[in-house]
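Report on the structure given below.
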Amino acid sequence: MINKQVADAAEAVADIFDGATVMIGGFGEAGSPIELIHALIDQGAAGLTVVNNNTGSGEVGLAALIKAGRVAKMICSYPRSLNSTVFPEMYRSGQIQLELVPQGTLAERIRAGGAGIPAFYTPTSVGTPLGEGKELRRFDGRDYVLEYGLTADFALIKGLAADPLGNVIYNKTARNFTPVMATAATTTIVQVTSLVAKGELDPESIITPGIFVHRIVRVGEPAYESVLVAKGVSYP
Amino acid sequence: MINKQVADAAEAVADIFDGATVMIGGFGEAGSPIELIHALIDQGAAGLTVVNNNTGSGEVGLAALIKAGRVAKMICSYPRSLNSTVFPEMYRSGQIQLELVPQGTLAERIRAGGAGIPAFYTPTSVGTPLGEGKELRRFDGRDYVLEYGLTADFALIKGLAADPLGNVIYNKTARNFTPVMATAATTTIVQVTSLVAKGELDPESIITPGIFVHRIVRVGEPAYESVLVAKGVSYP
Amino acid sequence: MNTVTSKIGLTREQMAQRVALDIPDGSYVNLGIGIPELVTRFVPEGRELIYHTENGLLGMGPSPETGMGDPELINAGKRQVTALPGAAYFHQADSFAMIRGGHLDLCVLGALQVSEKGDIANWSTGAPDAIPAVGGAMDLVAGVKSIYVITQHCTKHGRPKLVAECTYPLTGLAVIDRIYTDLAVIDITPRGFQLVELSPGVSFDYVRERTGARLLPIEEDQRMAGYE
Amino acid sequence: MNTVTSKIGLTREQMAQRVALDIPDGSYVNLGIGIPELVTRFVPEGRELIYHTENGLLGMGPSPETGMGDPELINAGKRQVTALPGAAYFHQADSFAMIRGGHLDLCVLGALQVSEKGDIANWSTGAPDAIPAVGGAMDLVAGVKSIYVITQHCTKHGRPKLVAECTYPLTGLAVIDRIYTDLAVIDITPRGFQLVELSPGVSFDYVRERTGARLLPIEEDQRMAGYE
């Protein structure tokens, strides 16, 4: 019987290697898999390329991973946030690279990566600094830039509930980038609040089918960035 | 208050014009909006380009629309089926054109059309007769063909339930092409078995958000192709 | 700018109210952060607008009561919101398919600069020390059917934000349809900035002097209506 | 071909059983119409395979009992099926994203011809009067990680289906990994057709004579196992 659950977050992230590309779900704190990120900090992999819409806040979660010096490059759309100081400081001092991608292009590049589409055209960024140097092509009288599919070695994501096959549902706007990231990584690791038995999730309402999920960790009471930041927590 | 319900199928399809491109949901009989198609036959628009995975069966639904001589061109992946004789005969006698598209490319072209993506690259059909004449490009050592987004003037689709805003859910594999077609048409017309009040559909489980739906018709007891064909029904 | 001029023209709330008047019933609308967010407060009675937030929700409602929010139900500005009856959640690629595919009727955005060709700069001042951050702005201006800008007519330092050519990094080319400022409503037309309406007590010359490109006058005198 | 030769080699069921032996536990599998569908009957005990049908279901189960089916729960061959516990429905673009994106482990397909380079022709005989129909075949061979063909070694007229070059219109170029026929199991390798296994009572020469391109022999003698 298929059962993708692993013992804990440490086991789930054990094989993430130096230099890996890691997609991390979440938009701000909604959907951020903090416990998996903290396990990755403990694990020690460095030189990572991380894909996330933001760069975390305070000194927990993604911001803590960056602060620990493990991230060589961020691919994201909005590397500033409330309480976001770690990335800006390291970026200004040249300790971390940034590939800035418009949010919709980032989402579509990840979807394309997961869908076997190597490249597509989009009107977004034409005529702007982010469109500079990109291949332009005209369709039906309008200009578009060529953008490439994006894949990753690992995806760290957070769900509301999963079954042993890896079918996942999400909580409200915590869904954000997660379902497309799950499709674009060689190994997708999900932390979920609840594990349910096979057959308990409505097949009409499953957002991420199990085929995209490789490891499941139950984190019954996940932390929230804003709560940790308010408490002044700094990880580790 | 937004309420997209219209009185009946005749009103819903009244403005479909000669020469329009019409996407019709369904894979075989699953998800086929037979009552909307029959209303379109009654309405009389001709010279249509129809997008559907198949070409219908017997002499009801899509097959009846074709038999009535209203379809100038079919864009589809599999124009043969059990009990499918109308299209083959008209195709052989040169009365209807066919653009044959691999099923996944057809789905992706429709999604792209709805998503503002004018073109994308896919490995499907490279080196085959369906890839001939298409622009080839190599990414990472593999060849891909360029395919274009597909849009329509109208989409005729079938749902299980909708609310007045046009949020729709589907029944099992009746979902098939329908959600992407809903996004790719200027005017999307849905027939549903049930109308429910705003707020009755779980926001986590809505498959087609109301923004993509323009008109709703309730058809409480939709017909099935196989049942009509078994009864020997021929429409009109 | 002296303290007297700061009393001329509309307040932020009045600007939002002015925009709200122009949004038809049943519109699907995306509102940027800042003044655009105020628009929701002034929608005339009897109209139903549906708000999209690009992080994955259609049918966004107001902020929750204190302590009633969910940290995972937020808007694009990362503030807690609610979901109204009839709302739907979707993932980011679907959300931007909605945007890029031209399904939203209207986006109301703030701006640093708008050019007479309808170019907009609203994501970066290009300052060497700035952390570049674009979010969904470029997708919104490229995809949504109509783009309205709501902005103070001039910067804090009194410089025009409506210009012949943007000097800040662009968000999009020739994408803006209309600009609502504290001083006026101005359309982007093939001939450039076209005055549509002056705020109460504001003269054409007053606006023209504060606009960084040619401003075409209103054909006939026109009074504002719809707010006090 | 005489009537004696028709008794040599595996039956359709035995061919399906032979394929089933090679599919690892936990695989995500798409089965073509015809002999491939029989594979589900022969999965060894203790293994769980998850079946994908490209019209939008992962976790497909067997046909429903008579009268218990839903005309809107069908497989790619448009026959009524069931959904097993843990199944998920999705739309066609998502289904083919799964296929094209390389997420399925295995696809088992029938074929008209397979070339020694791994090209396959299985959608059209190219007959002038034929109605061309391709369905998802080209997407499956282009996207799924491993592609197995299950087919009679020769046509009804005794002509080889394993050939140097396909003469029928192609479905995909260099996509086939392995071929299971009534006579043998054959891998596609950079050197061409590599015999892996002979069916009971079938000689290398017998297979070679019925193969339309060079067939490399097994390194050492090998007996089949796993079915009667």
Side-chain angles (χ1 to χ4, degrees), chain B residues 26-32 53-55 57 76-82 84 87-88 91-92 98 100-112 114-115 122-131 143 158 160 170-181 207-208 224-227, chain D residues 53-57 60 69-83 87-102 117 119-124 126 128-143 166 168-175:
Chain B
F27 176 91
E29 71 177 329
S32 181
N53 190 62
N54 305 105
T55 57
S57 63
C76 73
S77 91
Y78 208 86
R80 287 192 311 239
S81 301
L82 193 65
S84 153
F87 177 84
Y91 179 71
R92 287 198 185 98
L98 170 66
L100 189 70
V101 182
Q103 194 174 333
T105 298
L106 182 61
E108 190 67 15
R109 287 182 61 193
I110 297 168
R111 181 197 176 270
T122 174
T124 302
S125 87
V126 169
T128 77
L130 298 189
D143 287 330
K158 179 188 182 186
L160 181 66
Y170 302 95
N171 178 40
K172 306 185 179 77
T173 57
R175 191 182 301 188
N176 58 68
F177 283 89
T178 302
V180 285
M181 286 182 170
I207 305 303
T208 293
Y224 290 96
E225 257 181 35
S226 59
V227 174
Chain D
T53 181
E54 60 265 32
N55 54 314
L57 168 62
M60 177 174 62
D70 182 329
E72 297 195 317
L73 177 45
I74 60 177
N75 66 10
K78 303 196 178 75
R79 285 210 293 218
Q80 290 186 15
V81 294
T82 50
Y89 298 107
F90 32 81
H91 65 57
Q92 210 70 192
D94 281 350
S95 184
F96 281 87
M98 220 174 258
I99 291 170
R100 203 190 306 101
K117 295 186 209 80
D119 302 347
I120 176 173
N122 79 339
W123 67 285
S124 167
D129 205 36
I131 302 298
V134 67
M138 288 185 181
D139 304 281
L140 285 161
V141 300
C166 297
Y168 292 141
L170 288 182
T171 310
L173 274 181
V175 292

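Letters A, B, ... are given to chains in the order of the sequence lines, protein chains preceding strands, and every chain is numbered from 1.
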Check for a donor-acceptor pair, side chain of [X] on one end and backbone N or O of [Y] on the other, with a separation under 3.5 Å.
| X | Y | value |
| --- | --- | --- |
| B/Arg175 | D/Gly56 | no |
| D/Arg100 | B/Pro123 | no |
| B/Arg80 | D/Ala133 | no |

Looking only at heavy atoms, which two atoms of [X] and [Y] are closest? And how far apart?
| X | Y | value |
| --- | --- | --- |
| B/Leu130 | D/Val134 | CD1-CG1, 3.8 Å |
| D/Ala93 | B/Val180 | CB-CG1, 3.7 Å |
| D/Gly135 | B/Tyr78 | N-CD1, 3.4 Å |
| D/Gly136 | B/Gln103 | N-OE1, 3.2 Å |
| B/Pro129 | D/Leu170 | CD-O, 3.6 Å |
| B/Arg92 | D/Asp129 | NE-O, 2.8 Å |

Close side-chain approach of B/Phe27 to D/Ile74, heavy-atom, < 4.5 Å: yes
Contact origin within [X] toward chain D - heavy atom pairs under 4.5 Å:
| X | value |
| --- | --- |
| B/Tyr170 | neither |
| B/Val227 | neither |
| B/Asp143 | neither |
| B/Ile110 | neither |
| B/Thr178 | neither |
| B/Phe177 | both |

Most contacts with chain B, counted as non-hydrogen pairs under 4.5 angstrom, among [options]:
| options | value |
| --- | --- |
| D/Pro169, D/Pro132, D/Ala97 | D/Pro132 |
| D/Ile131, D/Leu57, D/Thr171, D/Leu140 | D/Ile131 |
| D/Ala83, D/Ala130, D/Ala76, D/Ala142 | D/Ala142 |

Answer with side chain, backbone, both or neither: which region of D/Tyr89 has an atom nearer than 4.5 Å to a non-hydrogen atom of chain B?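 For D/Tyr89, the contact with chain B is made by backbone and side chain together.
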Less than 4.5 Å to any heavy atom of chain B: does that hold for the side chain of D/Thr53, its backbone, both, or neither?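 Neither; nothing under 4.5 Å.
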Interatomic spacing from [atom1] in [X] to [atom2] in [Y] - rounded to 0.5 Å:
| X | Y | atom1 | atom2 | value |
| --- | --- | --- | --- | --- |
| B/Ser77 | D/Glu54 | OG | CD | 9.0 Å |
| D/His91 | B/Asn176 | NE2 | CG | 11.0 Å |
| B/Thr173 | D/Met60 | OG1 | CE | 10.5 Å |
| B/Thr122 | D/Asp139 | OG1 | CG | 6.5 Å |

In terms of heavy-atom pairs under 4.5 Å with chain D, the winner among B/Gly28, B/Pro102, B/Gly127 is B/Pro102
Among B/Gly104, B/Gly131, B/Ala107, single out the residue with the greatest number of heavy-atom pairs under 4.5 Å to chain D. B/Gly104
Listed partners of B/Lys172 passing salt bridge (charged side-chain N to carboxylate O under 4.0 Å, His left out), at least two apart: D/Asp70
Under the salt bridge (charged side-chain N to carboxylate O under 4.0 Å, His left out) rule, what do D/Lys78 and B/Glu225 come out as? Steps first, then yes or no, please. CA-CA 12 Å; D/Lys78 303 196 178 75; B/Glu225 257 181 35; over 6 Å; no
Not counting sequence neighbours, which residues clear side-chain contact (heavy atoms from CB on, under 4.5 Å) with D/Val175? List them please.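 Partners of D/Val175 by the side-chain contact (heavy atoms from CB on, under 4.5 Å) criterion, ordered by chain and then number, come out as D/Ile120, D/Val141.
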